[in-house]
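Just so we're clear, the structure is a prediction, and the values are computed from it rather than from any experiment. Nothing fancy with the numbering, it's 1 onward along the sequence. First listed ligand is number 1; within each ligand, the first listed atom is number 1.
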Amino acid sequence: MNLCDIRTIKDTMAMFGLTFRKEFGQNFLTDREVVAEIAESCGGPNTKTVLEIGAGCGSLTHELALIYENVVALEIDRGLIPLLKYTLGEHRNIKVINADVMKTDIPELLGDAFEKGGVSVCANLPYYITTPILLELLDSRLPFDSITVMIQSEVADRLCALPGTPNYGSVTAYLNYFGTCRKLMKVPAGKFLPPPKVDSAVVRIDLYRDRPCKPTDEKIFFRTMRAAFEQRRKTLPNALSAGFGEISKAEITDAILSCGFDANIRGERLSVSEFCTLSDKLYELIKSK
Ligand code: SAM
């Protein structure tokens, strides 16, 4: 069965009395080459388990199961579960679970897989929840090797932007703390059923096993980035004094200069490692009070 074939998708949905549910962002991929490429590129030679979020009618799940040892597929829509049993029944290495990823205890679900190692995430989700899910997965610090997600094309440009470029923002900097991000491919709206309003792109985030930036105090580090981006049009001394009431603007300016940055620099020009250096200086200042 070709689960990317439009007729097959429509007929199978009809067979189970289902319609595409907008509230769950159900836009299914219809290009087998794209699906196969996503499945191929979301893992690596050491990948044993893939957590798929949002199985839909199972096209990507099927391709993943052909490549990797185990696939755990979450699907929020209860109506799709019998359909997935029908479309994926031949695979013994797929576990389909009816669950909302936001309410799922992932460490409990994947505990054994994490012990073996080689766990990656692959997700084609509704756009409105992709960034929150991505941030949640990063924040969880679970030992995933990589996270591959389909997102709105402009969001992909933001995630992969370099410091000092217009697309670089707080989410980019936050993500760069946990890993490296690259855009794998663009996917035009016409490759989905029904087609969404915008084009998409697939990005892959490779998570650091040992993070290169090790701020002395992570809370101060995140506060520094947040303050810098909350007022991104302001110069860094002004933006940081709004976020750090406990230290003076003069002290903040000295800290910025001692890192070798111009006093009028804007936060959007700093890389994660530069934020780390600066946040250590701010930490020393706060600690000395
Ligand atoms: N993977 C399929 C594909 O590529 O064709 C389906 C992708 S479709 C864009 C997104 C799927 O995610 C839908 O089947 C939807 O029901 C499911 N979904 C939406 N929100 C979810 C959530 N919070 N947890 C798990 N699945 C979710």
Side-chain angles (χ1 to χ4, degrees), residues 1-10 12-13 16 18-42 50-68 71-88 91 94-106 109-110 120-137 140 147-153 155-156 184-204:
M1 189 189 307
N2 178 3
L3 296 170
C4 292
D5 173 62
I6 293 180
R7 194 70 262 157
T8 306
I9 298 174
K10 283 184 175 169
T12 317
M13 292 284 282
F16 285 86
L18 301 171
T19 49
F20 298 94
R21 294 181 67 173
K22 223 177 169 178
E23 72 272 31
F24 292 144
Q26 289 180 351
N27 306 93
F28 298 159
L29 275 164
T30 57
D31 186 317
R32 186 141 190 211
E33 274 178 32
V34 170
V35 173
E37 204 177 328
I38 298 172
E40 185 92 31
S41 52
C42 75
V50 176
L51 170 67
E52 190 201 358
I53 313 174
C57 67
S59 53
L60 182 55
T61 329
H62 164 80
E63 294 295 333
L64 291 168
L66 296 178
I67 307 174
Y68 307 104
V71 180
V72 178
L74 299 182
E75 175 50 60
I76 195 171
D77 183 358
R78 191 185 307 175
L80 281 170
I81 304 302
L83 180 149
L84 285 165
K85 286 208 173 108
Y86 170 74
T87 56
L88 301 173
H91 298 280
I94 298 177
K95 197 170 168 188
V96 175
I97 296 164
N98 176 214
D100 176 346
V101 63
M102 293 303 247
K103 296 181 187 155
T104 301
D105 185 340
I106 296 176
L109 180 68
L110 295 180
S120 286
V121 175
C122 190
N124 173 16
L125 282 164
Y127 296 133
Y128 58 88
I129 55 162
T130 310
T131 306
I133 288 176
L134 187 55
L135 296 179
E136 182 101 5
L137 289 175
S140 72
I147 302 172
T148 299
V149 283
M150 171 89 75
I151 43 174
Q152 222 169 308
S153 195
V155 181
L184 299 179
M185 69 185 100
K186 276 191 151 191
V187 187
K191 303 267 180 190
F192 295 85
L193 179 73
K197 290 203 177 73
V198 290
D199 289 335
S200 305
V202 178
V203 299
R204 171 173 165 148

| query | So is there a nitrogen or oxygen of Asn124 less than 3.5 Å from a nitrogen or oxygen in ligand 1? | reply | yes

| field | Heavy-atom proximity to atom 2 (C) of ligand 1, best of Ala55, Ser200, Pro196, Cys122 | value | Ala55

| Any nitrogen or oxygen of Ile76, main chain or side chain, under 3.5 Å from a nitrogen or oxygen of ligand 1? | yes

| query | N/O to N/O below 3.5 Å, does that happen between Leu29 and ligand 1? | reply | yes

| said: Within a 6.0 Å radius of atom CD on Glu33, are there more than 12 heavy atoms belonging to other residues, nucleotides or ligands? | reply: no

| remark: side chain to side chain contact (heavy atoms under 4.5 Å, CB included) test vs Val187 passes for just one of Val35, Leu29, Ile151, Asn124, namely Leu29

| task | Starting at CG of Leu84, measure out to CG of Leu3 and round the result to the nearest 0.5 Å. | result | 9.0 Å

| request: Measure the distances from the heavy atoms of Met150 to every atom of ligand 1 and state whether one is below 4.0 angstrom. | output: no

| field | Point-to-point distance, once rounded to the nearest 0.5 Å, from CD1 of Ile67 to CD of Glu40 | value | 4.5 Å

| Which heavy atom of the protein is the closest neighbour of atom 12 (O) of ligand 1, given with residue, atom name and distance? | Gly54 CA, 3.1 Å

| said: Within the structure provided, determine whether Phe20 and Ile9 are in side-chain contact (heavy-atom separation under 4.5 Å). | reply: yes

| task | Provide, to 0.1 Å, the distance between atom 19 (C) of ligand 1 and the closest protein heavy atom, together with that atom's residue and name. | result | Phe24 O, 3.3 Å

| query | Which atoms of ligand 1 are found less than 4.0 Å from any heavy atom of Gly56? | reply | 6 (C), 14 (O)

| said: Could you tell me if the side chain of Phe192 sits less than 4.5 Å from the side chain of Ser200, heavy atoms only? | reply: yes

| query | Counting each atom of ligand 1 from 1 as listed, which ones have a heavy atom of Asn27 under 4.0 Å away? | reply | 7 (C), 8 (S), 9 (C)

| message | If the cut-off is 4.0 Å to any non-hydrogen atom of Glu52, which atoms of ligand 1 fall inside it? | response | 1 (N)

| said: I'd like to know if Met102 contacts ligand 1, where contact means a heavy-atom distance under 4.0 Å to any ligand atom. | reply: no

| request: Determine whether Ile38 and Cys122 make a side-chain contact, defined as any pair of heavy atoms from C-beta on separated by less than 4.5 Å. | output: yes

| query | Would you say Val101 and ligand 1 have an N/O pair spaced under 3.5 Å apart? | reply | yes

| Leu51 and Leu109, any side-chain heavy atoms less than 4.5 Å apart | yes

| Is Val34 close to Met185 at the side-chain level, that is, under 4.5 Å between some pair of heavy atoms? | yes

| field | Atom indices of ligand 1 within 4.0 angstrom of Ala99 heavy atoms, with elements | value | 24 (N), 25 (C)

| task | Enter the distance from Ile76:CD1 to Phe24:CZ here, rounded to the nearest 0.5 Å. | result | 4.5 Å

| Looking only at N/O atoms, are Ile53 and ligand 1 under 3.5 Å apart anywhere? | no

| said: Among all protein heavy atoms in this structure, tell me which lies nearest to atom 23 (N) of ligand 1, with the distance rounded to 0.1 Å. | reply: Asp100 OD1, 2.9 Å

| request: Measure Ile129 to ligand 1 on non-hydrogen atoms and call it side chain, backbone, both or neither using the 4.0 Å cut-off. | output: side chain

| said: Less than 4.5 Å apart, side chain to side chain, heavy atoms only: is that true for Val155 and Thr130? | reply: no

Tabulate below the donor-acceptor pairs under 3.5 Å that side-chain atoms of residues 52-65 make, not counting sequence neighbours, or state none.
from  : atom 1 : to    : atom 2 : distance (Å)
Glu52 : OE1    : Thr61 : OG1    : 2.6
His62 : ND1    : His91 : NE2    : 2.9
Glu63 : OE2    : Arg32 : NE     : 2.8
Glu63 : OE2    : Arg32 : NH2    : 3.0

| query | For Gly58, is the nearest heavy atom under 4.0 Å from an atom of ligand 1? | reply | no

| N or O contact, Glu75 vs ligand 1, cut-off under 3.5 Å | yes

| said: As an exercise, identify every atom of ligand 1 less than 4.0 angstrom from a heavy atom of Gly25. | reply: 8 (S), 9 (C), 10 (C)

